[in-house]
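The structure under discussion appears below in the form of structure tokens.
Hydrogens, waters and symmetry mates play no part in the numbers below; they use all other heavy atoms, side chains included. Counting convention: from 1, in listed order, for ligands and their atoms alike. Note that the structure is predicted; figures quoted are calculated from it, not measured. Start at 1 with the first residue, then count along the sequence.
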Amino acid sequence: MKNEMQEDILRVLFTQEEIQNRVNALGAQISGVYQGRTPLFLGVLKGCFVFMADLMRAVSIQCNMDFMAVSSYGNGTSSTGAVRITKDLSRDIEGQDIIIVEDILDSGITLNYLRGYLSTRLPSSIRIVTLLDKPDRRRADIHPDYFGFTVPDEFVVGYGLDYAERYRNLPYIGILKPEVYSS
Ligand code: PRP
């Protein structure tokens, strides 16, 4: 059956196979770095869910998982950088190695806030893995420790990333046609 989301995609940026290869490499890299430790992978919902599911199966060390959900005031364009936590950690993280899992690092406002918030809970370390990094849009001083791909400043969807809550289930990452979000 034809994928009905396909016609809204201007161009495929990363195919399913390219993503899978990259995610497997990231999983192996992180497993090497954290060998002998039991880090806590902390997914930031909702966008992380597809990446996190694949990344976790590419990680070969013992680990824990948890999820948080946050929402930015003013659609992430707010100059206050205020972020609201809509789902908090489910347990204490003191003394643990935290790896925050994101689908995309854009302005950095979300992760900058989250990193500060998590620091107050006294983990032993906090690192960031993001599938996509969009450095052209950065407003906060934050960088990923591990990332899958750098992306241009375009509207990207698929593999967990949405436009108006849609396209998250697209199995690849593509650039959305401008007429879809400007109409
Ligand atoms: C996206 C993404 C990050 C954030 C990055 O989430 O998952 O959490 O935006 O943007 P920033 O670097 O500019 O802060 P979004 O708010 O779209 O929610 P979602 O994960 O539910 O799609």
Problem - Salt-bridge contact K46-E165 (side-chain N to carboxylate O under 4.0 Å) - result: yes
Problem - Lys/Arg-Asp/Glu bridge criterion (N-O < 4.0 Å) met for R138, D133 - result: yes
Exercise for the section: Measure from atom 3 (C) of ligand 1 to every heavy atom in E102, R138, K46 and give the option owning the shortest one. Expected result: E102
Completion exercise
Any heavy atom of D106 under 4.0 Å from ligand 1? The part involved is both
Completion exercise
Counting from 1 in the order shown, the ligand 1 atoms closer than 4.0 Å to a non-hydrogen atom of D103 are 2 (C), 7 (O)
Completion exercise
Tested for side-chain contact (heavy atoms from CB on, under 4.5 Å) against L111, the lone hit among T130, D106, I126, L105 is L105
Completion exercise
If we number the atoms of ligand 1 from 1 as shown, the ones under 4.0 Å from a heavy atom of I104 are 2 (C), 3 (C), 5 (C)
Exercise for the section: Using a strict cut-off of less than 4.0 Å between a Lys/Arg side-chain nitrogen and an Asp/Glu carboxylate oxygen, indicate whether R121 and D88 qualify as a salt bridge. Expected result: yes
Exercise for the section: Over all heavy atoms of both residues, which pair between I93 and L40 is shortest? Give the atoms and the distance, please. Expected result: CG2-CD2, 3.6 Å
Problem - T110 N/O under 3.5 Å from ligand 1 N/O - result: yes
Exercise for the section: Pick one of side chain, backbone, both or neither for how R137 approaches ligand 1, counting any non-hydrogen atom pair under 4.0 Å. Expected result: neither
Handout entry: Contact (N/O only, under 3.5 Å) between L111 and ligand 1
Key = no
Completion exercise
Here the salt bridge (charged side-chain N to carboxylate O under 4.0 Å, His left out) pairs for residues 15-26, sequence neighbours left out, are none
Contacts table for residues 50-65: side-chain donor-acceptor under 3.5 angstrom, sequence neighbours left out:
from: D54; atom 1: OD1; to: R57; atom 2: NH2; distance (Å): 2.9
from: D54; atom 1: OD2; to: Y159; atom 2: OH; distance (Å): 2.7
from: R57; atom 1: NE; to: A53; atom 2: O; distance (Å): 2.9
from: R57; atom 1: NH2; to: A53; atom 2: O; distance (Å): 3.4

Exercise for the section: For R168 and ligand 1, answer yes if some heavy atom of the residue is under 4.0 Å from a ligand atom, otherwise no. Expected result: yes
Practice task
For S107, take its heavy atoms, then give the atoms of ligand 1 lying under 4.0 Å from any of them.
Solution key: 11 (P), 12 (O), 13 (O), 14 (O)
Practice task
Return yes or no for this condition: an N or O of G108 is under 3.5 Å from an N or O of ligand 1.
Solution key: yes
Practice task
Give a yes/no on ligand 1: does L45 have at least one heavy atom closer than 4.0 angstrom to it?
Solution key: yes
Practice task
Answer yes if V151 and L161 sit in the same cluster of Ile, Leu, Val, Met, Phe, Trp and Tyr residues linked by side chain heavy atoms under 4.5 Å apart, and no otherwise.
Solution key: yes
